[in-house]
Student: 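Structure in structure tokens, see below.
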2 protein chains.
Amino acid sequence: MKLQKETKESAKAERAHGVWYDDACGTAFALELIGERWSLLIVRELMLGARRFSDLRASLPGISAKVLTDRLEGLEAAGVLLRRKLPPPAAAQVYELTEWGYLAEPAIQELGRWAARSPAHDPRLPLSPVSLMLSLRTMIDHAAARALAATIAFDVGGERFLARLAGGELAIARAADGDPAPDFTVTTPVALPFLRVVYGKQPLGEVMAEGELTVTGDRDLAERVFALFALPPKCG
Amino acid sequence: MKLQKETKESAKAERAHGVWYDDACGTAFALELIGERWSLLIVRELMLGARRFSDLRASLPGISAKVLTDRLEGLEAAGVLLRRKLPPPAAAQVYELTEWGYLAEPAIQELGRWAARSPAHDPRLPLSPVSLMLSLRTMIDHAAARALAATIAFDVGGERFLARLAGGELAIARAADGDPAPDFTVTTPVALPFLRVVYGKQPLGEVMAEGELTVTGDRDLAERVFALFALPPKCG
DNA sequence: CAGAATCCCATTCGATACTG
DNA sequence: CAGTATCGAATGGGATTCTG
């Protein structure tokens, strides 16, 4: 009886550290770190830089304060992110991925690439600004992109990013003060109209005529850049 | 009141279909498909071919019959796997990944590769035979492997596989009757001793002297093949 | 606004027992 | 062997409240 109780208690303690699977497999260990509901989506939202509690809440429709708090604690304990106090006068607290946390991007991309091939995937749900930017980096045709270079400013629902296309890679960062002038600027209140252009291959003029999406600057370059993106073929 | 109740009920119904995140992001959708506890590990166990209920239970220490049943249902509904009746006289039921299910391997690999870089990863826990084989395919140095070709038979705790190294790739399948004669054979009751050789870089002779691991056949080729594998560098 | 603390119900889990 | 049935316990997560 005693023994059984101790076993149960230690099992409980292990669970608190996130030890569910007794398995040396790296994939199983990954699931102990980021396999809880919401965890990986929080990591995704941090992938383009530090964010505040309320930013995260706003980007993750449906998450509660409690759950977000719990997950941030868990991810911090796992070494995936750090909690950092901004220097005064901002004095806000932000959450930022560790160096190793940032290395999770390929895994996130592979999962997304795989799921996008499901016949059941519905690309018309809402998409956070960060997700949109990451999806571009995931779905770009690297080979074709080598032939192009561009500096692109994005404003998605007020969140601003600067993307630099060069050498077949798309580097993305949050917009900052010293940013160079972009070749063109994409402005849209929500992701969907832009998705219809890059993945739905709807003509840019048509979507712009609806009034939500605007592209200013080198429109011709923009069209050639947008042609670089495509969803993977559906399977089954 | 009425409205609230309906909202709750529809939320419940959605949850039953696995709609947790209201998010077009492919990663979020992937998590709806394979993000439940155990789901991705079940997929991993099926990655090298169809298995039975009891095989899966044996390979996933700690999973209960109920949870395994639930997950198999969910994964079948998601289109990740199929339940198939073997023709008589075997007449057993097996679970097998769909074509699209098999495409999840890169995502599983990226997760494993990432998690293996955590300082907290403990590679001395038990490892299922399938995990061991998949980890080899994940951690091989493709560039260096191009210089070698080999046919290798594995017997890990009674589960037998045939691996073919060629063109920098490691193809792995369960052993079958018409298999060609291997260049060498690796036999071990559990994964650990073999892990110590390929990832711990412990001398093969030393590990074999302990008596658990045996390598028969072209021992020299074996040593050169084993040198192709390495864990990614720890981070932080 | 950022988050901790509490409450509480629904779901989930795992153990055990049972069945064709 | 391949699950199903049942049940108590643990957990999860939403709502609300409180604090700095």
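So you know, we letter chains A, B, ... as the sequences are listed, proteins then strands, and number each from 1. Given the structure is predicted, the values throughout are model-derived calculations rather than measurements.
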Student: OP1, OP2 of C:dC1 versus side-chain N and O of A:Arg52: anything below 4.0 Å?
Tutor: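 Answer no for this pair, as no side-chain N or O of A:Arg52 is under 4.0 Å from OP1 or OP2.
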
Student: Taking the inter-plane angle between the rings of B:Trp114 and A:Trp100 on a 0 to 90° scale, is it parallel (under 30°), tilted (30 to 60°) or perpendicular (over 60°)?
Tutor: parallel

Student: Can you list every pair that meets salt bridge (charged side-chain N to carboxylate O under 4.0 Å, His left out) and has a residue in residues 170-180 of chain B, with sequence neighbours left out?
Tutor: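 Residue pairs with at least one partner in residues 170-180 of chain B: B:Glu159-B:Arg174.
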
Student: In whole angstrom, give the distance that lies between atom CG of A:Asp22 and atom C1' of C:dG14.
Tutor: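 About 16 Å, once rounded to whole Å.
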
Student: Can you sort out the partners of A:Tyr102 under side chain to side chain donor-acceptor pair (under 3.5 Å), two or more places apart, ordered by chain and number?
Tutor: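 Result, side chain to side chain donor-acceptor pair (under 3.5 Å) vs A:Tyr102: none returned.
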
Student: With sequence neighbours excluded, what pairs up with A:Ala77 under the side chain to side chain contact (heavy atoms under 4.5 Å, CB included) test?
Tutor: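 Applying side chain to side chain contact (heavy atoms under 4.5 Å, CB included) to A:Ala77 gives none.
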
Student: Which pairs pass salt bridge (charged side-chain N to carboxylate O under 4.0 Å, His left out) with one or both residues in residues 95-111 of chain A, sequence neighbours excluded?
Tutor: A:Arg84-A:Glu96, A:Glu105-A:Arg137, A:Glu110-A:Arg113

Student: End-to-end bend of the helix from C:dC1-D:dG20 to C:dG20-D:dC1 (five-pair axes, 10° rounding)?
Tutor: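 Terminal axis comparison yields 40°.
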
Student: Test A:Phe154 against every option in A:Phe194, A:Phe184, A:Phe161 by the ring pair (Phe, Tyr, Trp, His ring centres under 6.0 Å) rule and name the one that passes.
Tutor: A:Phe194

Student: Under 4.0 Å, heavy atom to any atom of DNA chain C: which of residues 63-75 of chain B qualify?
Tutor: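 Contacts with DNA chain C under 4.0 Å: B:Ser64, B:Lys66, B:Val67, B:Arg71.
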
Student: Side-chain N or O of B:Ser54 versus OP1/OP2 of D:dA2: is the shortest distance under 4.0 Å?
Tutor: yes

Student: Determine the contact category for A:Glu36: base if any of its heavy atoms lies under 4.0 Å from a base atom, sugar-phosphate if only primed atoms, P, OP1 or OP2 are that close, otherwise nothing.
Tutor: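 The residue A:Glu36 makes sugar-phosphate contact but no base contact.
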
Student: Without decimals, in angstroms, what is the distance between B:Asp55 CG and D:dC1 P?
Tutor: 9 Å

Student: Think B:Gln93 has a side-chain N or O under 4.0 angstrom from the OP1 or OP2 of D:dC1?
Tutor: no

